[in-house]
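Order of listing sets the numbers, starting from 1, for every ligand and every atom in it. Every value quoted in this text rests on a predicted model; they were computed, and no experiment measured them. These numbers come from the heavy atoms of this one structure, side chains and all, not from hydrogens, waters or symmetry mates.
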Amino acid sequence: MVSFQGGPAPIVAGKSAEVVLNLPQGQYVMLCFVPAPDGLPHLAKGMIKPVTVTAAAASQPAPPKAEGNVELNDFAFTAIPSNTSAGKHTWAVMNKGKEIHEMGMLKLSAPAAQVQQILSAPPPGPPPFMDAGGFQAIMPGMTGWTTVELEKGAYALVCFVPSPANQGKPHVALGMFRSFTVK
Ligand SMILES: [Cu+2]
């Protein structure tokens with residue numbers, strides 16, 4: 001009934017995330033899957049909004065100039081930009097796999113290996129990371145753009161999309177996690 005067309009990934013309160021999408025004309029919904037303290041996703045509490053995308057104007061802006069590519073694959077981030085210095089960067093996010101993928105970005109406050117393990121089976125209590133934006137799920141073959149604002153420290157890219165070919169396991173449990181350091 002739906003196809004995933006991207007959008008900004010979860011971000012901590014008070015910060016902002018930026019994406020550029022090339023949306024075909026049609027009916028859309030914006031929604032938020034982040035769980036509330038009672039476990040219900042925000043969309044069940046009203047965080048869902050229909051949007052109509054009308055026909056494109058004759059003259060279209062050029063795609064953003066990306067300084068690097070993030071390649072999403074089954075089930076790994078097979079390429080990430082080489083320049084991850086502190087500051088703003090515009091990345092092209094490309095789904096090169098056969099499944100739907102996303103590029104969630106986390107700022108880590110624990111070693112990456114420990115965070116990766118926790119994400120597959122989250123224990124109760126505050127997580128050792130902060131949601132730092134990124135790019136929401138897109139269909140195979142699609143590309144979008146995100147401008148990320150990096151601070152010094154440890155980060156990871158992660159995909160939580162469930163895999164139909166693997167009993168619905170989230171991609172992170174299949175290895176779709178890649179850490180990087182911002183200097
Ligand atoms: Cu994925």
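Salt bridge annotation for E67-K88: absent, with no cationic side-chain nitrogen under 4.0 angstrom from a carboxylate oxygen.
Here the protein contributes H101 ND1, C159 SG, H171 ND1, M176 SD as N, O or S atoms under 2.8 Å from the Cu ion (ligand 1).
Closest approach of P81 and V70 over heavy atoms only: CD-CG2, 3.7 Å.
Looking only at atom types and distance, the side chain of Q27 has a donor-acceptor partner in the side chain of T52 under 3.5 Å away. Using modelled atom types and a 3.5 Å distance limit, the side chains of H101 and N73 yield no donor-acceptor pair. Looking only at atom types and distance, the side chain of E149 has no donor-acceptor partner in the side chain of T147 under 3.5 Å away. When only modelled atom types and interatomic distance are considered, E99 and H171 share a side-chain donor-acceptor pair under 3.5 Å.
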